[in-house]
Amino acid sequence: MLCLFLDRGRSAEEKAANPSVGGTQSHHRQPLQTKTPRSDSFLAPEFLEIVSYCTSPDAHLDGLLRYTESFSDKRIYRLPVFTEEFCRAFVEELENFEQSDMPKGRPNSMNNYGVLLNEIGMDENFITPLREKYLRPITALLYPDLGGACLDSHKAFVVKYALHEDLDLSSHYDNAEVTLNVSLGKDFTEGSLYFGDFRQDPSPMPSYIEVEHVGTQGLLHRGGQIHGALPIASGERWNLIVWMRASAIRNRLCPMCNQKPELVEAEGFGDGFTESAEDDVPETVDLCSLW
Ligand SMILES: O=C(O)CCC(=O)C(=O)O
Ligand SMILES: [Fe+2]
């Protein structure tokens, strides 16, 4: 059973009742599951401090920016997210899954290597609470105009780059209002991200900036910020990517085709649109920051 060390607070009685929880096995034969995280111990203390600030009554953008690193005027921010111990355990579990004979899909149409988190049961119990409880107070301040306060679904996956596999990722924008990209390790050289224009606001001479990955830390950026990844020169690079969507925004205009979406039924979160598109759209986007 997959359990990403989220149960550090188990009592002796619980351990006696279910000693196998928390173990790491290399051959999974049954559907993988996670336990609901019972503590915040997998999150970096500095990240918890940021969340605590953002949920305080007087929180404001300038106050939040004191805790993060900002990159140019492109609204890209770096912040601590996970502990090192968690990142190591997470990658170890992903490697076990990779080596298993479980059926696997590709993370997206561009990356050939990596893991879709819903395939290992980590969507509902791990990414949903991470988005709702921890990330949303932060994105509400950073991206109110993009529905940062009402990001209500996601697509989450881990991408992997290695010398005889994918080396880089070409320029693209994400199917997301806001993206979180956390560096999980392992050891690698090069492989930085580069960012150009915001898709909805192109300039005749786009300027590009390069942003390095820092282990355990995350980058938040607008999904529409054009970006790509430079080739790694050695080692292996694993990153958690969470494409976060706000139905209140995309119900009005699909961010991929710039048209009013025509909805078809989908499984799970689909692409993050909701059916009652007409009814749910707030008068102004900032309404959702009143949550
Ligand atoms: O390789 C990376 O760190 C970026 C991946 C990415 O941009 C994506 O999957 O959308
Ligand atoms: Fe991307």
Side-chain angles (χ1 to χ4, degrees), residues 69 71 74-82 87 90-91 94 98 104-120 122-123 127 130-131 135 139 143 146 151 153-200 202 206 208-246 250 254-257 269 271-272:
E69 221 177 313
F71 294 91
K74 294 184 193 286
R75 299 175 69 187
I76 302 163
Y77 307 98
R78 185 191 278 140
L79 70 174
V81 180
F82 297 130
C87 290
F90 192 12
V91 171
L94 294 166
E98 202 185 32
K104 304 171 190 91
R106 284 170 58 187
N108 58 49
S109 59
M110 301 170 298
N111 289 89
N112 295 301
Y113 298 89
V115 178
L116 278 159
L117 292 196
N118 63 353
E119 290 189 347
I120 55 172
M122 290 190 66
D123 227 4
I127 300 295
L130 184 68
R131 168 172 53 77
L135 293 169
T139 55
Y143 308 107
L146 294 170
L151 296 168
S153 71
H154 61 261
K155 173 173 171 156
F157 49 91
V158 170
V159 290
K160 178 196 174 193
Y161 300 83
L163 286 193
H164 298 291
E165 301 180 1
D166 287 340
L167 289 178
D168 57 11
L169 187 63
S170 50
S171 187
H172 66 281
Y173 50 88
D174 298 337
N175 186 349
E177 272 63 57
V178 179
T179 296
L180 173 73
N181 178 336
V182 189
S183 174
L184 304 171
K186 301 164 70 165
D187 287 329
F188 61 92
T189 54
E190 310 284 340
S192 292
L193 289 178
Y194 58 90
F195 290 91
D197 279 349
F198 186 48
R199 190 176 82 97
Q200 286 90 325
Y208 283 86
I209 59 161
E210 223 176 282
V211 180
E212 263 179 55
H213 290 292
V214 177
T216 75
Q217 302 209 4
L219 293 167
L220 280 167
H221 63 83
R222 295 174 291 182
Q225 194 82 46
I226 309 275
H227 60 284
L230 296 169
I232 57 162
S234 67
E236 269 178 36
R237 175 162 85 71
W238 296 71
N239 284 60
L240 168 67
I241 313 292
V242 188
W243 287 352
M244 295 183 278
R245 281 102 180 233
R250 59 181 45 220
C254 167
M256 303 308 280
C257 67
F269 288 131
D271 275 346

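First listed ligand is number 1; within each ligand, the first listed atom is number 1. These numbers come from a predicted model, not from an experiment.
Atom 6 (C) of ligand 1 has its closest protein heavy atom at Leu169 CD2, 3.4 Å. Here the protein heavy atom with the shortest distance to atom 1 (O) of ligand 1 is Tyr161 OH, 2.5 Å. In this structure, the protein non-hydrogen atom closest to atom 10 (O) of ligand 1 is Asp174 OD1, 3.0 Å. Given atom 4 (C) of ligand 1, the protein heavy atom at minimum distance is Asn181 ND2, 3.4 Å.
Only one option out of Asp168, Asn239, Asn111 pairs with Tyr161 in a side-chain hydrogen bond (donor to acceptor under 3.5 Å, both in side chains); it is Asn111. Checking each of Glu190, Arg237, Arg78 against His213 for a side-chain hydrogen bond (donor to acceptor under 3.5 Å, both in side chains) leaves exactly one that passes, namely Arg237.
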Inset, instruction - Determine, step by step, whether Glu177 and Arg250 satisfy the salt bridge (Lys or Arg N to Asp or Glu O under 4.0 Å) criterion, reporting the C-alpha distance in whole Å, the side-chain angles of both residues, the deciding distance to 0.1 Å, and the verdict. - result: CA-CA 8 Å; Glu177 272 63 57; Arg250 59 181 45 220; 3.0 Å; yes
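Among the heteroatoms counted here (N, O or S) of Asp174, OD1 is the one nearest to the Fe ion (ligand 2).
For ligand 1 and His172, the ligand atoms under 4.0 Å from any heavy atom of the residue are 6 (C), 7 (O), 8 (C), 10 (O). The atoms of ligand 1 that sit less than 4.0 Å from any heavy atom of Asn111 are 9 (O). Near Leu193, meaning under 4.0 Å from one of its heavy atoms, ligand 1 places the atoms 2 (C), 3 (O), 4 (C). Of all atoms in ligand 1, numbered sequentially from 1 with element shown, those under 4.0 Å from a heavy atom of His213 are 3 (O). Counting the atoms of ligand 1 from 1 in the order shown, those under 4.0 Å from a heavy atom of Trp243 are 10 (O). Every atom of ligand 1 with a heavy atom of Phe157 under 4.0 Å away is listed here by number and element: 9 (O). Ligand-side atoms of ligand 1 in range of Asn108: 9 (O), range being under 4.0 angstrom from any heavy atom. The contact set between ligand 1 and His227, taken as ligand atoms under 4.0 Å from a residue heavy atom, comprises 7 (O).
The backbone N or O of Ser171 sits nowhere less than 3.5 Å from a side-chain atom of His227 that would complete a donor-acceptor pair. Not a single donor-acceptor pair under 3.5 Å links the side chain of Gln225 to the backbone N or O of Arg199. Between the side chain of Tyr143 and the backbone N or O of Leu220 there is at least one donor-acceptor pair closer than 3.5 Å. At least one donor-acceptor pair closer than 3.5 Å links the side chain of Lys155 to the backbone N or O of Pro107.
Ring to ring, Phe157 and Trp243 are close: their centroids are under 6.0 angstrom apart.
Around the Fe ion (ligand 2), the two atoms NE2 of His172 and NE2 of His227 are separated by an angle of 90°, to 10 degrees.
Residues passing the side-chain contact (heavy atoms from CB on, under 4.5 Å) test with Ser234 are Thr189, sequence neighbours excluded.
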